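Here is the structure we will look at, set down as structure tokens.
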Amino acid sequence: MARWGMVIDLDKCNGCQACEVACRSENNIAVGGPQAASEHRTISWMQVRAEVEGEWPDIRSRFVPQPCMHCDRPPCTLVCPVQATSIDREGIVNQIYARCIGCRYCANACPYTVKFFNWHKPDHPASTEPGLNPDVSVRPVGVIEKCTFCSHRLQKAREMARVETRPLREQDFTTACADSCPTGAIVFGNLDDPTHRVAELSRDPRAFRLQEGLGTEPKVYYLSRRD
Amino acid sequence: MNVDEKLGPTRRLALGALTVLMAVAGFAAGRVTFNPNGAVVQPIQFNHRKHVKDAGLDCSTCHQYYADHQHSGLPDLALCTGCHQQPMTKSPEEAKLIKLATTAAPPAFRKLFRLPDHAYYSHRRHVTLAGLPCTTCHGAIAETTAPPPGPLVQVVMKTCLDCHARRNVPTNCIACHR
């Protein structure tokens with residue numbers, strides 16, 4: 001059984017935000033527009049957050065790309081009253097939009113603030129509509145959405161592997177953000193398979209996870225030489 | 001409470017009747033607007049039995065992609081002209097087909113099954129990998145002599161879940177929903 005996870009090398013990330021763009025187009029994320037932006041209600045499953053440390057002129061900044069952490073002990077699934085969000089056998093925390101009643105308990109329970117509520121009717125500019133990904137649904141207004149580790153790609157990759165009667169290989173399934181990263185900072189794979197790069201990188205001395213003290217056991221690891 | 005404020009029995013009956021009437025009207029309006037049993041009208045009265053049973057054609061002749069794609073594929077009338085370039089019978093439907101197929105934009109056959117946007121279904125997975133026969137979901141479509149106005153088998157979520165449970169395949173939400 002796979003345990004899907006991600007390693008993000010902060011020493012390699014240059015903050016270009018290609019992962020954000022790739023995620024938006026892969027997952028049909030609505031364009032919020034000026035209104036949503038002014039209300040701080042835009043949706044971005046993958047967010048490159050800039051952290052600035054120190055006092056001018058002695059400042060250093062770094063970029064922290066932040067998708068859903070796909071915690072092994074997710075707080076969000078515990079509070080969902082309708083089981084619209086759950087962790088599956090392979091460790092992916094899912095969100096079933098058709099089941100979600102929009103109570104936003106999960107968004108409030110998430111310590112990483114990576115669950116987003118559709119406050120407005122999703123707006124896709126007419127010119128981008130033909131480019132919507134048919135493998136991902138367009139979410140209606142009033143439901144929570146979040147990063148799925150591109151699980152629709154896993155569905156397709158697994159089907160393809162079965163057609164070709166071979167096991168699923170490392171290169172068969174990766175996320176859109178990892179695919180698009182020009183510096184190769186984002187690596188995706190099976191944390192439990194020692195042949196996968198993520199398994200090795202997650203045991204790197206530079207590796208840490210966000211808010212480890214909470215005991216949520218995130219499956220997104222970060223690598224950094226700095227504290 | 002003051003006795004004068006109570007409604008008389010006739011008025012109460014009238015109010016009750018009005019409520020029922022409005023509920024019925026609302027329900028009917030919904031049925032008409034959303035048209036749940038709306039008939040699908042095909043451009044040609046296609047005879048499945050003649051093509052499948054009598055002519056011995058395989059499903060993939062027209063539904064070209066069912067074995068190795070998510071969608072099975074619905075033929076447009078241009079595909080029909082592969083065989084029906086010249087009239088093969090004296091059928092008036094065939095004459096209509098040839099006439100329609102030679103227009104600038106030949107109409108296509110219309111879908112009977114409409115899957116919601118948030119549900120995932122793959123023909124390849126069910127037909128090629130799981131080995132389900134077409135009849136499981138499509139019923140006796142191969143026996144029909146005229147296009148049915150709707151699906152012969154009503155496939156709802158319970159149909160899928162029952163079949164998945166019987167065959168011991170995943171029934172978790174994310175297996176089909178996204």
Side-chain angles (χ1 to χ4, degrees), chain A residues 1 4 26-29 45 68 70 74 77 80 82-100 118 122 124 129 132-166, chain B residues 30 33-34 36 59-60 63-74 105 108 110-111 113-134 136-137 154-165 167-178:
Chain A
M1 190 68 65
W4 302 107
E26 176 77 19
N27 293 301
N28 301 337
I29 294 172
W45 291 5
C68 169
H70 292 271
T77 61
C80 181
V82 292
Q83 290 175 23
T85 181
S86 60
I87 180 163
D88 72 9
R89 288 177 302 173
E90 302 194 333
I92 296 181
V93 178
N94 298 306
Q95 187 77 28
I96 310 297
Y97 312 117
R99 214 178 161 99
C100 178
N118 281 278
H124 294 277
E129 254 167 37
L132 290 179
N133 186 352
D135 296 332
V136 181
S137 63
V138 174
R139 277 77 59 186
V141 66
V143 302
I144 289 279
E145 61 179 69
K146 66 180 270 297
C147 156
T148 59
F149 267 173
C150 290
S151 62
H152 56 282
R153 289 184 168 202
L154 173 63
Q155 215 162 25
K156 286 202 149 180
R158 187 164 282 145
E159 192 172 314
M160 203 60 214
R162 279 184 63 192
V163 167
E164 292 170 2
T165 56
R166 57 168 171 78
Chain B
T33 315
F34 297 111
C59 301
S60 62
H63 304 288
Q64 293 171 299
Y65 314 113
Y66 79 83
D68 40 37
H69 285 84
Q70 188 180 339
H71 298 284
S72 62
L74 264 181
R110 299 196 177 97
K111 282 183 87 160
F113 283 87
R114 287 231 170 252
L115 206 63
D117 177 42
H118 55 78
Y120 171 76
Y121 175 85
S122 158
H123 273 90
R124 174 167 66 185
R125 173 169 290 200
H126 287 82
V127 180
T128 310
L129 296 176
L132 292 187
C134 306
T136 307
C137 302
Q154 284 297 328
V155 178
V156 292
M157 195 167 113
K158 191 178 181 312
T159 326
C160 304
L161 278 175
D162 286 351
C163 194
H164 274 225
R167 291 164 190 272
N168 200 21
V169 286
T171 51
N172 56 339
C173 307
I174 200 68
C176 308
H177 288 285
R178 49 194 181 176

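Just so you know, these numbers come straight off a predicted model, no measurement behind them. Chain letters run A, B, ... following the sequence lines, proteins first and then strands; every chain starts at 1.
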Evaluate the criterion side-chain contact (heavy atoms from CB on, under 4.5 Å) for residue pair A:Q155 and B:Y120; output intermediate values, then yes/no. CA-CA 10 Å; A:Q155 215 162 25; B:Y120 171 76; 3.5 Å; yes
Minimum heavy-atom separation for A:D88 and B:N172, please, with both atom names. CB-ND2, 4.4 Å
B:A119 versus chain A, heavy atoms under 4.5 Å apart: side chain, backbone, both or neither? neither
Taking everything shown except B:F113 itself, do over 12 heavy atoms lie less than 6.0 Å from its CZ? yes
Among residues 159-166 of chain A, which ones touch chain B with a heavy-atom distance under 4.5 Å? A:E159, A:M160, A:R162, A:V163
If I measure from the heavy atoms of chain B, does A:P134 come under 4.5 Å with its side chain, its backbone, both, or neither? backbone
Looking at B:H118, I want to see if its NE2 is surrounded by more than 12 non-hydrogen atoms of other residues, nucleotides or ligands under 6.0 Å. yes
Out of curiosity, B:R125 CZ to A:K156 NZ, how far, rounded to the nearest 0.5 Å? 11.0 Å
From the list A:L154, A:T148, A:V93, A:I96, side chain to side chain contact (heavy atoms under 4.5 Å, CB included) with B:I174 holds only for A:I96
Side-chain heavy-atom pair B:Q70, A:D135 within 4.5 angstrom cut-off: yes
When rounded to the nearest 0.5 Å, the distance separating CD of A:Q83 from SG of B:C173 is 7.5 Å
